[in-house]
2 protein chains.
Amino acid sequence: MRADARRNRDRLLVAADAVFTERGADASLNDVAKQAEVGIGTLYRHFPTREALLGATCDERFLTLAKQSRERSASLSALEALRLFLEELVHYAGIYQGLAASLGVVLRSGTEGCHATTEEGQRLLQAAQHAGEVRDDIRLDDVVCMAMAISLSASQDASGPKRIPRLTGIFIDGLRPPRDARGTRHR
Amino acid sequence: MRADARRNRDRLLVAADAVFTERGADASLNDVAKQAEVGIGTLYRHFPTREALLGATCDERFLTLAKQSRERSASLSALEALRLFLEELVHYAGIYQGLAASLGVVLRSGTEGCHATTEEGQRLLQAAQHAGEVRDDIRLDDVVCMAMAISLSASQDASGPKRIPRLTGIFIDGLRPPRDARGTRHR
DNA sequence: CTTAAATACGGAGCTATGCTCCGTTTTTCA
DNA sequence: TGAAAAACGGAGCATAGCTCCGTATTTAAG
């Protein structure tokens with residue numbers, strides 16, 4: 001990769017993060033290019049779609065998420081580790097206003113961090129299921145869907161952020177095996 | 001209301017439903033006006049925002065949802081009634097591609113049907129809480145966000161639609177009071 | 001049947017954004 | 001050092017949102 005290309009890519013990521021933080025994930029990409037002091041053509045050459053740019057700006061963060069989760073999970077119950085993972089996922093889904101709605105797509109954008117986070121989630125889920133703490137029919141998509149719901153809910157009003165831990169707990173609780181020997185509802 | 005105004009309003013609603021059905025909730029409003037054979041100014045005079053138009057086109061449907069829910073809930077447990085309500089809400093969030101993302105705003109658009117659906121949701125939630133089948137700290141907003149998340153998640157991959165009933169069940173299950181009240185497993 | 005006020009209509013036009021395309025510039029390396 | 005390869009920049013076209021105001025239609029009073 002040519003030196004100027006690398007430099008511009010980095011500038012774009014910094015600018016994109018700033019602009020998305022200030023104006024949300026739907027902000028104008030022209031503004032991003034302007035803030036990076038780069039032509040709009042350069043932006044599109046590096047990041048063909050908005051999701052690609054979003055995925056790239058979140059890449060480091062998702063790498064961190066995965067790494068920290070891996071480190072702490074050794075000393076926690078499988079369910080508690082999954083709960084913390086979900087809570088962090090909700091947190092990252094709220095980094096940019098409007099990011100939550102496309103969390104699923106972004107996580108599939110293929111960057112290293114997104115991949116690491118997906119892997120880690122898969123690992124935690126399977127561990128919890130193996131320990132009998134989560135029902136066998138739950139899939140990672142379901143957990144991601146929960147993160148979306150919680151993040152959306154939290155972004156609706158001012159008191160939202162405070163409710164995140166509580167909502168997270170509630171949903172995780174819903175993943176546990178049926179309390180009656182014979183399942184109560186959904187099979 | 002002047003006769004021509006009423007006529008144009010009706011034409012707009014018919015056209016909007018057709019266009020949104022074909023091209024999703026983000027379709028061009030110019031197209032809607034064109035299909036209704038009405039000036040774009042007329043569209044905006046009747047419906048100042050996209051959400052207002054969406055709310056109006058969904059009005060009848062939401063009226064139906066509320067009515068049917070009211071009718072059947074008498075013969076169901078409070079939790080089961082709430083579960084069916086959520087499942088229907090997810091269904092209606094999917095009638096136009098992309099509607100789910102603004103479901104919360106649309107429900108607050110003030111039309112009769114949106115109001116009726118909101119009321120019905122509130123009623124079901126309170127009933128379930130009064131019966132001790134749902135935690136007291138859950139709000140209708142949380143349920144609406146679940147619908148949004150489930151619908152969004154379902155529309156993001158091919159296997160989505162099949163997962164709707166299961167996801168609905170999982171989320172509703174999470175709303176039940178903690179089992180800690182009667183002997184828990186851990187934590 | 002006027003006729004004037006009230007109401008509604010229409011669409012030109014301005015702004016904003018997405019995205020492409022290609023002439024110019026910078027970098028690389030033999 | 002010089003030419004090929006790579007990257008840059010931003011003009012420019014397409015599309016959409018939304019406003020504004022001159023014109024047309026409806027209503028109802030006389």
Side-chain angles (χ1 to χ4, degrees), chain A residues 1-58 96-99 101-102 105-106 109-110, chain B residues 1-58 96-103 105-106 108-111:
Chain A
M1 193 171 197
R2 242 172 71 169
D4 54 347
R6 157 115 273 138
R7 197 196 64 228
N8 282 333
R9 205 189 113 98
D10 291 345
R11 295 170 70 94
L12 278 166
L13 286 179
V14 171
D17 187 55
V19 172
F20 288 151
T21 298
E22 193 189 340
R23 304 211 261 277
D26 301 319
S28 160
L29 296 188
N30 287 306
D31 288 355
V32 172
K34 215 167 288 174
Q35 175 129 351
E37 294 178 289
V38 141
I40 185 67
T42 300
L43 184 151
Y44 280 101
R45 199 173 318 105
H46 285 287
F47 307 103
T49 66
R50 181 182 293 273
E51 283 70 32
L53 181 55
L54 278 170
T57 60
C58 295
Y96 308 137
Q97 187 71 245
L99 176 58
S102 47
V105 179
V106 170
S109 73
Chain B
M1 193 170 195
R2 240 170 72 168
D4 54 347
R6 157 114 272 138
R7 196 195 66 226
N8 282 333
R9 204 190 113 98
D10 291 345
R11 294 169 71 94
L12 278 166
L13 285 179
V14 171
D17 186 55
V19 172
F20 289 151
T21 298
E22 193 188 343
R23 304 211 261 276
D26 300 318
S28 160
L29 297 188
N30 288 305
D31 288 355
V32 172
K34 215 167 287 174
Q35 175 130 354
E37 294 178 287
V38 142
I40 184 67
T42 299
L43 185 152
Y44 279 100
R45 198 171 321 105
H46 284 288
F47 307 103
T49 66
R50 179 181 294 273
E51 285 72 28
L53 180 55
L54 281 169
T57 60
C58 295
Y96 307 138
Q97 187 72 244
L99 176 59
S102 46
L103 180 65
V105 180
V106 170
R108 271 178 242 124
S109 70
T111 71

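For the numbers below, each heavy atom of this structure counts, side chains included, while hydrogens, waters and symmetry mates do not. Every chain is numbered from 1 and lettered A, B, ... according to where its sequence line falls, protein lines coming before strand lines.
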Position toward the 5' end of DNA chain D (nearest nucleotide), Ala27(B) or Thr42(A): Thr42(A)
Touch class at under 4.0 angstrom, heavy-atom based, for Arg50(B) against every strand present: sugar-phosphate
Gln97(A) side, atom CD; Glu22(A) side, atom CD - distance, nearest 0.5 Å: 13.0 Å
Protein-nucleotide distance (Leu29(A), atom CG; dG9(D), atom C1'), rounded to Å: 16 Å
Rounded distance in Å - CG (Asp31(B)) to C1' (dT15(D)): 10 Å
Value rounded to 0.5 Å, distance of CD1 in Ile40(A) from CG in Asn30(A): 4.5 Å
Interatomic distance where CG belongs to Leu53(B) and C1' belongs to dC18(D) [whole Å]: 14 Å
Rounded distance (Å) that lies between atom P of dA16(D) and atom OH of Tyr44(B): 11 Å
Chain B contact limits on DNA chain C, taken 5' to 3' with a cut-off of 4.0 angstrom to heavy atoms: dA6(C) to dA12(C)
Arg50(A): partners by side chain to side chain contact (heavy atoms under 4.5 Å, CB included), with sequence neighbours left out: Phe20(A), Leu29(A), Leu54(A)
Using atom names, set out every protein N or O paired with an N or O of nucleotides 26-28 of chain D below 3.5 Å, distance rounded to 0.1 Å.
{"residue": "dT27(D)", "atom": "OP1", "partner": "Ala3(B)", "partner atom": "N", "Å": "3.2"}

Between C1' of dG17(D) and CD of Glu51(B), the distance in whole Å: 13 Å
dG17(D) OP1/OP2 closer than 4.0 Å to side-chain N/O of Asn30(B): yes
Phosphate OP1/OP2 of dT15(D): any Ser28(B) side-chain N/O under 4.0 Å: no
Gap between atoms CG and C1', on Leu43(B) and dC18(D) respectively (whole Å): 11 Å
Lys34(A) NZ to dC8(D) C1', straight-line distance once rounded to whole Å: 17 Å
5' precedence on DNA chain D between Thr49(B) and Arg45(B) (nearest-nucleotide basis): Thr49(B)
dA7(D) phosphate, OP1 or OP2, under 4.0 Å from Asn8(A) side-chain N/O: no
